[in-house]
Amino acid sequence: MSPTASPAARDRLRIAIQKSGRLAEPARALLASCGLSWRESRDRLFCYGETLPVDLLLVRDDDIPGLIADGVCDLGVVGRNVLREQDGERRAGGRASAFREWRALGFGGCRLALAVPEAWDWRGPAQLAGKRIATSYPALLSAWLAEQGVDAQVVLLSGSVEIAPRLGQAEAICDLVSSGATLAANQLKATTTLLESEAVLAGPVDAFDDVRGELAELLLRRLDGALRIRHSKLLLFQAPRQVLPDLLPLLPDAETPTVMQLDGGDGVALQALCHGAVTWQRLEELKRAGARGLMVLPVEGMLA
Ligand code: ATP
Ligand code: ZN
């Protein structure tokens with residue numbers, strides 16, 4: 001626990017999220033789906049938790065790991081790329097880790113990749129020896145180069161990394177890629193992936209030893225439920241009992257279904273929580289195998 005944390009932070013949980021940008025809305029929506037709601041401050045930098053003592057601080061994503069390290073915030077939603085980079089910087093500077101990934105959140109997916117001019121005939125990392133590589137992720141790039149045993153020069157740029165080769169600042173770049181369209185527009189192509197990234201819930205290295213510990217546990221339980229059911233559906237249908245062995249393997253990543261005997265005859269009604277995609281095609285397959293009255297329902301909440 002950092003000595004800089006305010007006493008008020010001890011009985012309420014404070015979560016830092018991005019104020020605006022790619023992760024801002026999905027982070028809020030995910031936390032709201034855990035039953036949290038807030039009253040926003042006039043300056044829109046702080047949101048006071050109403051349903052639970054869990055407040056939000058709206059900041060730049062790059063500030064989130066530092067806010068956790070300093071004890072200003074307890075948790076944060078940030079890209080794994082930012083978290084790992086800042087952890088790498090701390091450790092390269094001889095400091096201990098002060099934050100870690102608590103949960104992967106399944107949105108904000110991208111990868112940190114090495115990109116080279118399209119004209120290069122890419123044969124592997126050894127080709128980078130003696131070259132300049134522009135990046136905003138010096139710690140991750142340096143660690144990767146060391147791992148590969150390649151001696152290249154890391155050129156630190158804070159933005160517009162993809163134009164560095166055209167400006168003559170570097171021969172290659174190491175940057176975030178999602179579709180690759182930005183790279184193509186700059187006559188670059190992605191080669192090796194250094195890090196697969198997505199938004200994560202970040203927290204301190206050790207668990208909280210006060211009332212925030214219980215709050216964090218409650219939040220994690222709800223979060224795990226919300227993440228698990230994100231793409232889940234409840235599938236209901238009826239079928240003759242004898243076709244069950246054909247139907248059950250067709251259920252997309254389902255938990256053990258509930259089977260109820262129908263009044264009179266050999267019919268049963270089934271209820272199955274499916275975590276895989278319940279597509280039209282899958283419904284048609286189930287119907288061909290003997291299922292009737294198929295119904296797909298959204299799942300709003302789940303507590304294991
Ligand atoms: P801030 O003003 O908060 O510093 P930013 O410009 O650094 O904003 P965004 O561009 O909103 O941040 O990106 C936030 C995070 O979104 C990235 O760190 C990364 O984890 C993720 N992300 C997903 N796809 C991409 C992408 N194509 N390019 C950049 N980041 C991406
Ligand atoms: Zn940023």
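All values derive from a computational prediction rather than experimental measurement. Counting convention: from 1, in listed order, for ligands and their atoms alike. Note: hydrogens, waters and symmetry copies are ignored here, and every other heavy atom, side chains too, is used.
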### Query
Does the D74 side chain pair with the main chain of R14, one donor and one acceptor, at a distance under 3.5 Å?
yes
#### Entry: Polar atom proximity, D62 to ligand 1 (N or O, under 3.5 Å)
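So ligand 1 has an N or O lying under 3.5 Å from an N or O of D62.
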How close does the nearest protein non-hydrogen atom get to [atom], and which residue and atom is it?
| atom | value |
| --- | --- |
| atom 24 (N) of ligand 1 | C110 CB, 3.5 Å |
| atom 20 (O) of ligand 1 | N81 OD1, 2.6 Å |
| atom 2 (O) of ligand 1 | R60 NE, 3.5 Å |
| atom 27 (N) of ligand 1 | S178 OG, 2.6 Å |
| atom 14 (C) of ligand 1 | D61 OD2, 3.5 Å |
| atom 29 (C) of ligand 1 | R22 NH1, 3.3 Å |

Could [X] and [Y] be called an ion pair, given the rule that one side-chain N must be under 4.0 Å from one carboxylate O?
| X | Y | answer |
| --- | --- | --- |
| R282 | E285 | yes |
| R22 | D61 | no |
| R228 | D224 | no |

When you compare the side chain of [Y] with that of [X], does any pair of heavy atoms fall below 4.5 Å?
| X | Y | value |
| --- | --- | --- |
| V150 | K131 | no |
| R28 | L58 | yes |
| L30 | L227 | yes |

### Message
For a distance under 2.8 Å, give residue and atom name for each protein N, O or S atom next to the Zn ion (ligand 2).
### Response
D61 OD1, D62 OD1
Taking 4.0 angstrom as the limit and counting only heavy atoms of [X], give me the atoms of ligand 1 inside it, by number and element.
| X | result |
| --- | --- |
| L23 | 15 (C), 16 (O) |
| G79 | 20 (O) |
| G21 | 11 (O) |
| V82 | 18 (O) |

### Message
side-chain contact (heavy atoms from CB on, under 4.5 Å) for V154 and I133? Distances and angles first, verdict last.
### Response
CA-CA 5 Å; V154 175; I133 312 171; 5.7 Å; no
### Task
Return each pair, listed once, that meets salt bridge (charged side-chain N to carboxylate O under 4.0 Å, His left out) where at least one residue sits in residues 162-175; pairs must be two or more places apart or across chains.
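Every salt bridge (charged side-chain N to carboxylate O under 4.0 Å, His left out) pair that includes a residue of residues 162-175, provided the two are not neighbours, is R132-E171.
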Got a list of side-chain donor-acceptor pairs under 3.5 Å for residues 137-147, not counting sequence neighbours?
residue	atom	partner	partner atom	Å
Y137	OH	N81	ND2	2.8
S142	OG	P138	O	2.7

### L286, T258, L294, L244 screened by side chain to side chain contact (heavy atoms under 4.5 Å, CB included) with L270, the one that passes
L244
### Message
With ring-ring contact (aromatic ring centres under 6.0 Å, His included) as the rule and sequence neighbours excluded, what pairs involving residues 93-117 come up?
### Response
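Pairs touching residues 93-117 that pass the test: W102-F208.
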### Task
Assign the ring pair W120 / W122 to parallel, tilted or perpendicular, where the plane angle (0 to 90°) is split at 30° and 60°.
parallel
### Message
At under 4.0 Å between heavy atoms, is it the side chain or the backbone of Q18 that contacts ligand 1, or both, or neither?
### Response
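It is the side chain that touches ligand 1; the backbone stays farther off.
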### Region of L176 that comes within reach of ligand 1 [heavy atoms, distance under 4.0 Å]
side chain
### Query
At a 4.0 Å cut-off, with the gap strictly under it, does some heavy atom of G109 reach an atom of ligand 1?
yes
